[in-house]
Every structure is written in C-alpha cells, then in structure tokens.
Protein chains: 2
Amino acid sequence: MDLPGKAIHGETRKRLLDVAGEVFAEKGYDRTTIREVCRRANANIAAVNYHFGDKRKLYAAAFDYSLTCVDEKPTPASDTDEPAEDRLREFTRRFLRRLLDPGRPSWHSRLLAREMSEPTGALEAMVRREIRPRYEVLQGIIRELAGEVPPRVIAKCAASVIGQMMHYHFARPVLKLVSPVYGDLEKHVEELADHVTRFSLAGILAIAVRYRK
Amino acid sequence: MDLPGKAIHGETRKRLLDVAGEVFAEKGYDRTTIREVCRRANANIAAVNYHFGDKRKLYAAAFDYSLTCVDEKPTPASDTDEPAEDRLREFTRRFLRRLLDPGRPSWHSRLLAREMSEPTGALEAMVRREIRPRYEVLQGIIRELAGEVPPRVIAKCAASVIGQMMHYHFARPVLKLVSPVYGDLEKHVEELADHVTRFSLAGILAIAVRYRK
DNA sequence: GAACGATTAAAACATATGTTTGAACAAAGG
DNA sequence: CCTTTGTTCAAACATATGTTTTAATCGTTC
C-alpha cells in the first residue's frame with residue numbers, strides 16, 4: 001500500500017506533494033482548492049483522496065515533505081570557533097535568503113510563515129522540528145554576545161532579531177505601498193541581512209549592559 | 001428569535017458593523033461566515049445583503065468603521081519638544097498597546113495586521129489613512145536620532161522597529177510553543193515596549209554612525 | 001386606525017468545494 | 001489469455017456558504 005513494489009503507473013503522488021506545498025504556501029490552507037492543486041499537478045481530482053485521504057492529510061504530508069527537503073547543513077553558524085558576531089551575520093543571511101528568495105524549495109519557509117499566522121494544527125510538529133532548533137542556535141549566539149543575563153532577556157532579543165526579518169515577509173505588500181524604497185527585496189537580501197545584523201548587534205549589547213552591571 | 005424583546009428596529013446595521021470587525025479580525029476574511037456574524041449580532045442572514053450589499057462590502061464597511069473608531073489623539077509623540085528618545089518610547093508603547101491589548105476596539109489593529117498578510121483589497125486605503133501617517137511619525141523620530149543618512153537607511157530602521165513589534169502579534173502562537181517565557185504578552189506591554197525601545201535606540205545609532213562619518 | 005415605506009425574517013437558490021463511487025486501465029504473474 | 005492489484009478517470013454526491021426572494025413586521029404619517 002504505502003510501500004508498493006514501485007510507483008508503477010505514475011508519479012502522481014510526488015507531483016501532488018510538490019505542487020501542494022507550493023499552492024498552500026502561496027494562498028494559504030483555506031484559499032487552496034484541491035481542484036487547483038490537481039490541475040497544476042496534471043492529476044485527477046480524486047487523486048488527493050486516493051493518495052492522501054483528504055485535504056488536511058495532504059497538507060500535513062506536503063508540510064512534512066517540505067521539512068525533509070531542506071538541505072540542513074547543520075548551520076555552520078554553530079561552529080563555535082567563529083566569533084559570535086560572524087555567526088549572527090551568517091544566521092540572518094541564511095534566514096533571509098530562505099525567507100525571501102523565490103524559486104522552488106522556497107515555499108518551505110513561506111509555508112512555515114503562514115502556519116505562524118494561521119495555524120492549522122501542523123504547528124506543533126513544526127515548532128519542534130524546525131523552529132526550536134534554529135531558535136536554540138540564535139539564543140546561543142545571543143547569550144555569547146550578551147553574557148550573563150536572565151533567560152527572559154535572551155528571549156526578547158531573539159524575538160527582536162527574528163521579528164525584523166519576518167516583517168519583510170509578512171508586510172511585503174504593505175512595505176511596497178508605503179515607500180518605493182522597499183521594492184525588489186529579493187535582490188537585496190545581503191544588504192538587508194547586513195542591516196539586521198548591525199542593528200541587532202547594537203541592540204543586544206545595549207540591552208545586555210543594563211542587566212550585567 | 002434569540003433576543004426577542006430587545007432588537008430595536010433599525011439598530012441592526014450598527015450591531016453588524018461591530019460584530020463583523022471583531023469576527024473578521026479574529027478569523028480572517030475567508031474563514032468568517034456571514035451566518036456567524038449574523039448570529040453573533042442577533043440579526044437575520046439577509047441583513048448583511050440588505051444593509052451592505054454583500055460580504056465584501058460588509059468587510060469594507062467594517063474596516064472603514066474601524067478606522068473612524070480610533071481615538072487618534074494626534075500622537076503626542078509628534079510633540080517635537082520632547083527628546084526623540086522619549087518620543088520613540090511613547091511610539092512603541094502605543095503601538096504595542098494597540099496591537100496586544102485585548103478588548104473591544106482592539107480588533108482594529110488585528111484587522112489591520114491581518115490585511116497585511118492576507119490582502120483583500122482594502123489595503124491601499126488602509127495604508128493611506130493608517131499606516132503611512134504613523135510611518136511618517138516614526139521616520140521623523142528616527143531621522144532625528146540618526147542624523148543625515150540616506151532615506152533607504154531610515155526606511156530599514158523603521159522596518160526594524162515595526163517588525164519587532166508586529167512579531168509579537170503574528171508569531172504569538174509560535175512564541176508560546178517555543179518558550180514558556182512568552183506567556184501572557186498582554187500583561188507585559190510596558191516591559192516589551194521598553195525592550196523594543198532600548199534595542200532599537202542602540203540599533204539606530206549603530207547604523208547611523210556607519211553612514212555619517 | 002389605515003396606509004405606506006423601511007426593516008426583519010424564513011426559506012429557497014446557486015455555486016463552490018471536499019469527498020466518494022464505480023468503471024476503466026495499466027502492469028505483473030501465472 | 002486471465003486474474004490480480006494498484007492506479008487513474010469522469011461523474012456523482014454532500015455540504016457549506018454567499019445571495020436572493022417573498023412575506024411578515026415595525027414605525028411613522030395622515
């Protein structure tokens with residue numbers, strides 16, 4: 001059933017997975033119709049129910065699939081050899097690249113971002129497998145920069161770093177309307193990463209001195 | 001039907017507006033059903049079409065209504081008497097209060113935030129009437145703090161400030177899962193505002209020195 | 001209190017969409 | 001060739017939901 005001799009007849013299941021992630025990321029769970037997914041995957045409407053059971057299970061599968069797709073080089077930012085500042089820069093660079101770069105496996109992050117604002121239930125698994133690990137890395141970097149401060153303070157700094165970057169994703173349509181300066185974010189990932197890094201570095205240090213002395 | 005004696009003749013329109021904004025903010029445009037709005041407003045299903053035409057016009061009306069509801073004391077933060085630092089603190093405090101405080105007129109900000117991630121078309125008017133004005137105020141503050149730097153730099157700093165705060169709204173469910181530290185955000189608005197202010201202040205100054213010298 | 005316009009109510013209508021069905025079809029093995 | 005098993009397809013089904021319709025109701029005016 002699940003592991004048959006082979007996908008004998010066709011590769012419909014895989015095509016569905018690929019397309020589904022893309023569409024779900026683009027339009028959100030509710031606005032995505034099975035019919036559109038199937039059309040874009042050259043599959044029959046019944047294919048979803050045959051291969052996955054129902055729409056929600058398709059979403060779950062696409063989400064899970066998107067998790068396995070990420071080539072997680074274990075985040076070189078965890079090489080504790082380099083100075084924390086460089087690791088922070090590397091962290092933001094990777095984060096923004098994943099978030100803003102268009103193209104194929106990109107819907108993984110967009111799916112993730114969407115789940116944040118409109119949780120469908122896949123959230124918990126996602127937090128466990130995706131978010132918390134990165135969060136730990138970031139916290140490590142911040143802790144090294146800030147020194148001995150309460151965990152709550154570390155957490156707020158982490159939120160400040162992530163928040164700056166997520167904003168470019170969530171508020172993209174607004175940013176474009178509010179000022180022409182924000183056009184073509186994709187082309188300035190490096191510049192944005194640099195800004196976020198410098199901004200945050202100073203922020204973290206400023207917060208730290210309040211709690212250390 | 002539900003509340004017989006009450007339901008004064010002619011108040012339905014207002015009740016619909018009140019409830020609609022709340023529900024739209026809570027569930028988003030798609031997930032909101034006319035039937036639920038009407039039920040919660042003690043109105044008949046046909047009331048929406050009678051008073052507003054259709055669902056989209058109801059949304060537009062609720063949105064517009066939410067804009068007029070805001071008691072816009074013209075943001076004391078624009079009293080250019082006070083030092084920029086205090087005005088930044090006042091700005092973030094107000095912003096976060098509006099964003100996180102529960103209770104009635106709060107759905108105004110949540111509606112706004114939702115329109116950011118799932119634009120329905122009301123976005124343009126919103127940007128013009130709501131976002132850009134605040135954005136100008138913030139930019140003024142930042143410009144005063146940073147001195148003579150390119151507009152693009154000001155814009156990125158503004159995005160950093162807003163992003164930090166919006167994050168607490170968008171990622172609330174995730175933050176709760178990722179660390180217990182983030183429970184009960186509503187109760188710590190002042191603390192968060194203080195954090196964002198200090199963090200941003202340092203960030204802005206750090207960015208500024210790169211471009212001034 | 002009768003008449004009239006504005007409002008509300010209950011039911012019907014139309015459509016979109018997730019889901020199911022049963023037949024057709026392809027590949028593999030006997 | 002026939003059967004079996006997994007897959008695809010077109011059509012039907014069920015339900016949710018936005019919209020419309022038609023009659024009843026309320027408030028006002030004469």
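Every chain is numbered from 1, with letters handed out A, B, ... down the list of sequences. None of these values were measured; they are calculated from a predicted model.
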For atom [atom1] of [X] and atom [atom2] of [N], their distance in whole Å:
X     : N      : atom1 : atom2 : value
B/R39 : D/dA16 : CZ    : P     : 14 Å
B/E11 : D/dG27 : CD    : P     : 12 Å
B/Y29 : D/dT17 : OH    : P     : 14 Å
A/E36 : C/dG18 : CD    : C1'   : 15 Å
A/F52 : D/dT7  : CZ    : P     : 12 Å
A/D30 : D/dT17 : CG    : C1'   : 13 Å

Could you check if a side-chain atom of B/E90 sits within less than 4.5 angstrom of a side-chain atom of B/E82, using non-hydrogen atoms only? no
Run the side chain to side chain contact (heavy atoms under 4.5 Å, CB included) test against [X] and tell me which residues pass, sequence neighbours left out.
X     : result
A/N42 : A/R15
A/N44 : A/A46
B/N49 : B/D54

Below 3.5 Å is the cut-off: list the nitrogen or oxygen pairs between protein and nucleotides 19-24 of chain D, distance only.
residue	atom	partner	partner atom	Å
D/dT19	OP2	B/K55	N	2.8

For B/Y59, give me all partners under ring pair (Phe, Tyr, Trp, His ring centres under 6.0 Å), at least two apart in sequence or on another chain. B/F24, B/Y29
Listed pairs under 3.5 Å, donor-acceptor, residues 170-185 of chain A side chains, sequence neighbours left out:
residue	atom	partner	partner atom	Å
A/R172	NH1	A/E186	OE2	2.3
A/S179	OG	A/V181	N	3.1
A/Y182	OH	B/Y135	OH	2.7
A/Y182	OH	B/A155	O	2.4

Are OP1 or OP2 of C/dT8 and a side-chain N or O of B/H51 less than 4.0 angstrom apart? yes
